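These numbers come from the heavy atoms of this one structure, side chains and all, not from hydrogens, waters or symmetry mates. Owing to the predicted nature of the structure, the values given are computational and were not obtained by experimental measurement. Each ligand, and each atom within it, is numbered from 1 in the order the structure gives.
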Amino acid sequence: PLQAVIFDLDGVIADTAVVHRAAWERLAREIGAPFDEDIAARMKGVDRRGSLDILLERAPRAYGEQEKCELEARKNGYYVERIESFGPDQLLPGARDAVESVRAAGLRIGLASASRNAPLLLERLGIAPLFDYIVDAARIERSKPDPEIFLAAAAGLGVPPEACLGVEDAAAGVDSIHAAGMVAIGMGRREDLGEADIVLPGLIALRIADFVDNKNGATA
Ligand code: BG6
Ligand code: MG
């Protein structure tokens, strides 16, 4: 039976996937690296270093470790500058209701975001108290599509992975959910989320009752 729902943050709950993308695109321009839809799609959901490595694949020169740290800090500066002024208006449509409906259904709620800015963002959005467990992204060693982050969320919630639903907007995230042994709900367009078990346009379309079997508790 279903016991918990584990959400991604950027592009699922908050309108920040575009902010990450814009910050990487600005950095790419500054260092003369190409940036296109394919690169943007591959970076989605991937952690900071993983994203930078994708960006640098076609950069005009190689970068050393210290330079990579400088580039990451520069991109993060662009990102944080934007989200500092964020508030509940930057919640995606239906996000707050969706999370509250999961709680009302008696399920536990986890957050599996690769972003080290997740705690700051949740606070700005005013929804931090709705979560039972938030994975500390800094303690995750292997980026999505590895299952580590969704498994850490399930462990933190004290729920077996097979009793969890994962919600993601990125292909790497859907693969991470599946590798963790969970059912994956994709947010966005089917062509971007081919492996997802169910695709919805956004959280506004999520009806948690569809996943909960009233007689036996809940089923995924
Ligand atoms: C993910 C985003 O949630 O977090 C990625 O989808 C981002 O775009 C990643 O690169 C890491 O974020 P941060 O805030 O730790 O640089
Ligand atoms: Mg995302």
Side-chain angles (χ1 to χ4, degrees), residues 5-28 33 35 37-57 68-84 86 90-92 95 98-99 110-125 127 131 134-150 152-153 165-178 180 182 184-189 192-193 195-196 199-203 206:
V5 179
I6 301 171
F7 292 91
D8 174 45
L9 176 60
D10 298 307
V12 170
I13 289 174
D15 198 7
T16 38
V18 288
V19 185
H20 280 293
R21 180 193 160 128
W24 285 120
E25 200 165 356
R26 178 171 171 189
L27 183 71
F35 193 93
E37 289 311 315
D38 178 57
I39 290 172
R42 283 176 59 212
M43 290 171 101
K44 234 171 134 185
V46 173
D47 69 12
R48 200 177 293 181
R49 176 54 59 97
S51 298
L52 178 68
D53 286 340
I54 291 168
L55 192 79
L56 294 180
E57 280 171 10
K68 285 188 181 186
C69 291
E70 190 274 326
L71 293 177
E72 285 173 347
R74 209 198 297 174
K75 180 268 173 179
N76 194 53
Y78 300 150
Y79 178 75
V80 171
E81 195 180 297
R82 287 281 309 283
I83 66 165
E84 283 290 359
F86 271 27
Q90 279 71 38
L91 282 166
L92 282 164
V99 177
L111 190 83
S113 170
S115 176
R116 295 172 188 224
N117 291 297
L120 167 68
L121 184 57
L122 287 180
E123 193 166 313
R124 288 282 183 275
L125 298 169
I127 56 164
F131 290 84
I134 296 166
V135 175
D136 178 356
R139 302 180 72 164
I140 297 300
E141 283 174 17
R142 294 174 300 280
S143 181
K144 298 170 187 176
D146 189 280
E148 184 180 1
I149 194 165
F150 279 93
L165 273 180
V167 187
E168 262 289 348
D169 69 314
V174 167
D175 291 346
S176 172
I177 293 169
H178 280 159
M182 303 174 186
I185 306 183
M187 297 284 134
R189 305 180 308 169
D192 300 328
L193 296 157
E195 303 298 316
V199 175
L200 301 173
L203 282 179
L206 180 70

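Annotation: D8 places no N or O atom under 3.5 Å from an N or O atom of ligand 1; distance criterion only. The shortest N/O to N/O separation between D10 and ligand 1 falls below 3.5 Å. Close N/O approach between R48 and ligand 1 is found [any backbone or side-chain N/O within under 3.5 Å].
A salt bridge is absent between R48 and E72; no separation between the charged side-chain nitrogens and carboxylate oxygens falls under 4.0 Å. Using a 4.0 Å cut-off between a side-chain N of Lys or Arg and a carboxylate O of Asp or Glu, D47 and R116 do not qualify as a salt bridge.
Looking at D10 and the Mg ion (ligand 2) together, the shortest N, O or S contact belongs to O. The closest approach of D169 to the Mg ion (ligand 2), by N/O/S atoms, is made by OD1.
Heavy atoms of A17 come nearer than 4.0 angstrom to ligand 1 in no pair at all.
Interface of S51 with ligand 1, defined as ligand atoms under 4.0 Å from a residue heavy atom, comprises 10 (O). For ligand 1 and S113, the ligand atoms under 4.0 Å from any heavy atom of the residue are 3 (O). The contact set between ligand 1 and N117, taken as ligand atoms under 4.0 Å from a residue heavy atom, comprises 13 (P), 14 (O). Which parts of ligand 1 touch R116 is read off a 4.0 Å heavy-atom cut-off, strictly below it: atoms 13 (P), 14 (O), 15 (O). Close contacts between ligand 1 and V46 involve ligand atoms 5 (C), 7 (C), 9 (C), 10 (O) [criterion: under 4.0 Å to a heavy atom].
Inclusion of D8 in the first shell of the Mg ion (ligand 2) is supported: an N, O or S atom falls under 2.8 Å.
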